[in-house]
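Quick caveat, the model's predicted, so the values are computed rather than measured.
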Amino acid sequence: MTEKVFVDDLVNNTHLSIYYGQDYLNRQITTSDISRPGLELTGYFNYYPARRIQLLGITETSYAKGMSTTNLYDVMQKMCQPETPAFVISTQLDPPAELIRAAKEEHIPILGSKLTTSRVLSNMTNYLEGRLAERKSIHGVLVDVYGLGVLITGDSGIGKSETALELVKRGHRLIADDRVEVYQQDEQTLIGQAPRILRHLLEIRGIGIIDVMNLFGAGAVRSKTKVDLIVHLENWSADTPYDRLGNANETRRIFDVDVQKINIPVKTGRNLAIIIEAAAMNFRAKSMGYDATKVFDENLNNLIKENGLKK
């Protein structure tokens, strides 16, 4: 599933100004790709990506100034297609009069920015990729623990929300409870956030719905975070062999990204919040090059060598 994005959303979230078309900001944007119509200004329309935002910078506007009024107006008419969401002019440049005339005929808004073309292109692309990316809804709880996004999964009723509440009380931050919307930001990054209806809310059986932001303050919540680690809670079973040394390298693939997964058995008396804190710190230590399992293996090998020399 993907979200719907309109020109009005782009204006509000990338701080664009409006040259023309205040009443036409309800045009839908369907792709995160941005077009810089250089070839189109020369009259080449064999492939014109009309569904994209059309971005004009210093290069495009300078070339347009050298064109005749009739030729430029003809080009702008061809660029103003019914499916074109909007035109954006960077670097506080004035839009060509021929563009304004053609855009008015098709009710296409013209937006502006004081930023350079590269900056406004980057801002718009990042925003649109985040909003238009395909999303998956995952059953679980997402918490920011020491700056790491920890996705807590497990069967219903195993204690995910209660563990998240304990983590919030210990100073960590809630992103989403029950349902986590996940999308792929790039080749190595997953972003998780809460559905709009569940934002800042936590369900505790026996109590009901609580508003974490209202009870614990704005510092107890985040709108979204990277998904770095998955902690899967499962009921303790004496017959199940659990990883005791940290040698297991289990992962879960979400979209095209493999996320490290840790299975934690749930048993009476275990403090899951502290265990998850330790898992997050250990994950960070490994990412920085320190692996306690390797240290243990080295110590064990050294002990074996020492004992062998004594014989």
Side-chain angles (χ1 to χ4, degrees), residues 135-182 190-246 248-254 259-286:
R135 282 165 162 73
K136 284 185 179 179
S137 183
I138 298 177
H139 177 60
V141 180
L142 184 58
V143 186
D144 179 314
V145 181
Y146 298 126
L148 295 173
V150 179
L151 177 61
I152 306 172
T153 62
D155 293 337
S156 181
I158 202 165
K160 299 184 294 297
S161 298
E162 290 80 359
T163 302
L165 179 61
E166 176 65 21
L167 287 168
V168 169
K169 288 186 64 179
R170 295 175 66 86
H172 306 291
R173 292 183 285 181
L174 174 73
I175 288 88
D177 176 53
D178 189 49
R179 307 302 305 180
V180 182
E181 288 187 353
V182 177
L190 291 174
I191 302 296
Q193 61 186 41
R196 187 173 302 176
I197 193 174
L198 299 176
R199 208 166 287 168
H200 306 155
L201 302 180
L202 192 64
E203 178 191 355
I204 304 296
R205 283 177 171 80
I207 297 178
I209 306 295
I210 64 173
D211 188 328
V212 173
M213 184 171 178
N214 184 48
L215 292 181
F216 298 96
V221 296
R222 282 190 68 177
S223 60
K224 60 183 178 181
T225 189
K226 179 182 175 184
V227 180
D228 298 291
L229 177 67
I230 297 175
V231 174
H232 183 73
L233 305 181
E234 57 184 52
N235 288 311
W236 175 281
S237 173
D239 299 326
T240 302
Y242 297 107
D243 181 25
R244 301 184 63 181
L245 297 179
N249 290 312
E250 185 176 350
T251 61
R252 175 176 174 180
R253 171 155 287 221
I254 303 176
V259 184
Q260 184 174 339
K261 178 182 177 183
I262 299 174
N263 297 307
I264 296 181
V266 176
K267 188 178 182 180
T268 303
R270 302 198 85 194
N271 190 321
L272 295 177
I274 291 178
I275 292 173
I276 291 175
E277 283 183 335
M281 289 187 288
N282 191 54
F283 176 84
R284 170 163 285 176
K286 285 184 176 181

First locate atom [atom1] of [X], then atom [atom2] of [Y], and finally report the distance between them rounded to the nearest 0.5 Å.
X	Y	atom1	atom2	answer
L165	L215	CG	CG	9.0 Å
L190	I230	CG	CD1	8.0 Å
K267	N235	NZ	CG	12.5 Å

Any heavy-atom pair between the side chains of [Y] and [X] that's under 4.5 Å?
X	Y	answer
R135	P195	no
P265	R270	yes
L167	L174	no
I276	E166	no
S161	D178	no
V259	K261	no
V168	L202	no
I274	R170	yes

Which residues share a side chain to side chain contact (heavy atoms under 4.5 Å, CB included) with H200, sequence neighbours left out: D211, M213, V221
Flag if over 12 foreign heavy atoms under 6.0 Å of CD1, I197: no
R253 CZ: over 12 foreign heavy atoms closer than 6.0 Å: yes
Test item: K224 side-chain N/O and I191 main-chain N/O as donor-acceptor pair under 3.5 Å: no
Heavy-atom donor-acceptor pair, D177 side chain to E203 backbone, under 3.5 Å: yes
List the atom of [X], the atom of [Y], and the distance in Å for their closest heavy-atom pair.
X	Y	answer
A279	I262	CB-CD1, 4.1 Å
L142	Q193	CD2-N, 4.3 Å
V141	A164	CG1-CB, 3.5 Å
K160	G154	NZ-O, 3.1 Å

Scan the side chains in residues 144-153 for donor-acceptor partners under 3.5 Å anywhere in the protein, sequence neighbours excluded, and list what turns up.
from: D144; atom 1: OD1; to: G147; atom 2: N; distance (Å): 3.0
from: D144; atom 1: OD2; to: R222; atom 2: NH1; distance (Å): 2.6
from: T153; atom 1: OG1; to: H232; atom 2: ND1; distance (Å): 2.9

Step-by-step side chain to side chain contact (heavy atoms under 4.5 Å, CB included) determination, Q260 to E250: CA-CA 6 Å; Q260 184 174 339; E250 185 176 350; over 6 Å; no
